[in-house]
Amino acid sequence: MKKVFALVDCNNFYASCERLFRPELNGKPVVVLSNNDGCIVARSNEAKALGIPMGAPLFKFKDLIARHKAHVFSSNYALYGDLSHRVMDVLRQMEPEVEVYSIDEAFISLPVTKVWDRVKYAAEMRERVRKHVGIPVSIGIATTKTLAKIANRVAKKHAQFKGVFDLVDTSQIDQVLEKIEVNDVWGIGRRSTEKLNSRGILTALDLKRADSTWIRKQLTVVGARTVMELNGISCISLENAPACPKSIMTSRSFGHPVTDIEDLREAVITFVSIAAAKLRKQAVEAAALNLFISTGPFDEQSQYSNNQTMTLHQPTSSTPELISAALLGLKSLYRPGYRYRKAGVMLTGIVQQGYSRQLDLFSSAQQEVKEDKELMTALDRINSKWGRSTIQYGMTTAEEKPWLMQQTRKSPAYTTNWQELPMVKATAL
DNA sequence: TCTGGGGTCCTAGGACCC
DNA sequence: TCTGGGGTCCTAGGACCC
């Protein structure tokens, strides 16, 4: 049966999450910051209207924010992740084929029906999410993912469509594409836009009609695919089941510059522990670990950045094993005298847990692996119940931890921590 | 003073092999 | 004097996405 794509996208997701528990902020400007309270990564419509751009560093807009009394939040991923799951659950209750594309977006495969039925159904979907979770979403429908993205944009931008726009009808596609700038097309970023503009390709419609040989040469097969999708030929399919990840990364900028190797050591141990827990959560193991440390990109005094890959004995998800590999790397990467601002660990060579485990000749393998697994299971259980840092490896009790993130305006974990549940005040009548 | 984090895919070029 | 060619694998870097 022929199917069409619906793209469900949460409106100003992080800002909407924050407002859900602070309804008095509805209609007011709200911004949410990146880690370390560095950049603005989400804005309510009111904040967008003030001219605050996406990704802008906070310090450049402090005045504007103060002047308009915009509300500022540190990012609270425990909250956003939980609300995201709830939204996706509602979608799955209505349709079986859901691809969770990002924390705030999902592609859904819908059967082809009459336009009117489709729009009505999507509107119902939208209303259910609003009612059951409280997050507003927009829905775009089309024959390819790239066109569904564009339809979603229209749904979000023009209030008269009430959050749902259907672009399956081919006769109106060109009219819509004509009004979309080429850099707003999914897959066309800054560099491609420069190339396209210099050739006079300014709108999505221009791109749709562009010469395919030239596109293939300048934008590779990726760009060629985008052009096909604009022409209604579906090249990017729905990925229903989550695939095995190719890499898993944990990295952070530090709250303050770090010079001491002992502080770096703690940071690295922490990041490896988080990454290892991610492995176990997805039931996979890593065959290699890449560690990197670097000074800040805005440090004018001196720059240093380096990385090293350690190959593990065999694929593993054991925190202590990964930590010892990482610390070996740190020893050879560290140079004294620099102000480090960031470190991170990337796990690669990911395989399914226990898949093709070679018997290790150099240790009494089986028994050790088993004990380690049980230990990790216990650790994960405790940390998921009592919080990520309840049991940690190799931490000092130092009060000053310069590498820790700055997060001065974080909202409570309303939905994932018993200690931080929202309270309802009962007033006597 | 203050500038995020976590991914994917593609290509070019080098090493190596036969 | 004349000094192949094709395939594979790996890595680094670019571009893009949210």
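Throughout, a chain's letter reflects where its sequence line sits, starting with A, and its residues are numbered from 1.
In the set dC16(C), dC18(C), dC10(B), dC10(B) carries the atom at the smallest distance from any side-chain atom of Val221(A). Distances were taken from every side-chain heavy atom of Arg225(A) (C-beta onward) to each of dC10(B), dC17(C), dT8(B); the shortest belongs to dC10(B).
Rounded to whole Å, atom P of dG5(B) lies 9 Å from atom CE of Met249(A). For the pair Phe254(A) CZ and dG5(B) P, the interatomic distance rounds to 10 Å; values are reported in whole Å. At whole-Å resolution of the value, CE in Met346(A) and P in dT8(B) are 10 Å apart. Put simply, CD1 on Ile103(A) is 12 Å from P on dG7(B), counting in whole angstrom units.
Heavy-atom neighbours of Gln392(A) CD from other residues, nucleotides or ligands within 6.0 Å: above the threshold of 12.
Base pairing annotation: dG5(C) forms a Watson-Crick or G-U wobble pair with dC18(B), both donor-acceptor distances under 3.5 Å.
Residue side chain Phe59(A) fails the stacking definition with respect to dT3(B), as its ring centre and the base's six-membered ring centre are not both under 5.5 angstrom apart and under 30 degrees in plane angle.
Within 4.0 Å (heavy atoms only), Asp104(A) reaches sugar-phosphate atoms of the nucleic acid but no base atom.
dT3(B) and dC18(C) have their P atoms separated by 25 Å, given to the nearest Å.
Partner of Ser138(A) under the side chain to side chain donor-acceptor pair (under 3.5 Å) criterion, out of Asn11(A), Asp9(A), Asn152(A): Asn11(A) alone.
Remark: Ile233(A) CD1 to Thr143(A) OG1 distance equals 9.5 Å, nearest 0.5 Å.
Judged by a 6.0 Å distance limit and a 45° cone about the ring axis, Lys342(A) is not positioned over the six-membered ring of Phe254(A).
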